[in-house]
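Heads up: the structure comes next, in structure tokens.
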Amino acid sequence: MPDVLPFYKLIILYMLSRVDFTLTKIQISDFMMEKEYTNNFLSLQQAINELIDAGLVEGNYIRNHTHLNITEKGEETLSFFGNRIDYTIKTDIDSYLKENGLKLRNEVSVLSDYMKASTGEYEAHLIAKDKGIRLIDITLSVPMEETAISICDKWQEKNQEIYQYLVSQLF
């Protein structure tokens with residue numbers, strides 16, 4: 001399906017250019033499938049990977065999700081070829097981002113990951129961001145992998161409470 005890949009790439013670049021936060025591969029795929037711009041998940045993933053390989057998009061892998069943002073080179077490419085995206089598609093994207101922007105931002109603003117440290121323990125790395133600015137960045141060292149996984153999962157649920165508690169105790 002080489003004919004549809006440029007179409008997918010332009011839509012992805014346009015979506016990334018319209019937000020001031022990262023989008024995940026899953027968020028982009030959900031939009032494309034929901035709007036029926038594709039039903040071929042593998043071709044869409046191929047398009048994303050080719051954008052990354054070409055340096056038009058940066059991809060950062062964080063705990064089972066690839067976070068994407070457009071690069072300067074991607075912005076430049078979009079300025080040359082963005083007129084090839086149909087107006088109705090641009091309108092769909094803009095409407096979708098307007099309606100779902102807060103939800104999408106929240107999904108990518110709270111990050112957690114863990115890794116095995118050189119000491120043999122596990123480190124749970126927890127981050128909460130707002131508009132690209134880190135509000136909190138904590139690393140907890142724990143003895144077991146299961147504990148690190150549990151901490152990462154609970155961070156997704158309780159980050160606001162934890163942040164508010166810390167602020168109230170420290171200010």
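Computation of the quantities below employed the complete heavy-atom set of this structure, encompassing side-chain atoms and omitting hydrogens, waters and symmetry-equivalent molecules. Quick note: residue numbers are just sequence positions, from 1.
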*With the side chain counted from C-beta on, respond yes when K25 and N49 share a heavy-atom pair under 4.5 Å apart, and no when they do not.*
yes
*Applying side-chain hydrogen bond (donor to acceptor under 3.5 Å, both in side chains), run through E121 and S141 and close with a yes or a no.*
CA-CA 7 Å; E121 293 203 337; S141 185; 2.7 Å; yes
*Do Q45 and S29 have a side chain donor and acceptor closer than 3.5 Å?*
yes
*Do you know which of L51, L13, T22 makes side-chain contact (heavy atoms from CB on, under 4.5 Å) with I70?*
L13
*Check the side chains of D94 and Y14 for a donor-acceptor pair under 3.5 angstrom, ignoring hydrogens and angles.*
yes
*With no hydrogens and no angle check, is any side-chain donor or acceptor of W155 less than 3.5 Å from a backbone partner on I127?*
yes
_Donor on one side chain, acceptor on other, T38 and N40, under 3.5 Å_ = no
_Partner residues of D20 under the salt bridge (Lys or Arg N to Asp or Glu O under 4.0 Å) criterion, sequence neighbours left out_ = R105
_Regarding E145 and Y114, do their side chains bring together a donor and an acceptor under 3.5 Å, going by distance alone?_
yes
_Same apolar cluster: M115 and L126, side chain cutoff 4.5 Å_ = no
*Without hydrogens or angle criteria, can the side chains of S112 and Q156 be said to hold a donor-acceptor pair below 3.5 Å?*
yes
*Which class fits the ring pair F7 and Y37: parallel under 30°, tilted 30 to 60°, perpendicular over 60°?*
perpendicular
_Testing the 3.5 Å rule here: is there a donor-acceptor pair between the side chains of Q164 and Q160?_
no
*Do L5 and I89 belong to the same hydrophobic cluster, where Ile, Leu, Val, Met, Phe, Trp and Tyr are linked whenever their side-chain heavy atoms lie under 4.5 Å apart, directly or via other members?*
yes
_Can you confirm whether the side chains of E58 and T71 place a donor and an acceptor under 3.5 Å from each other?_
no
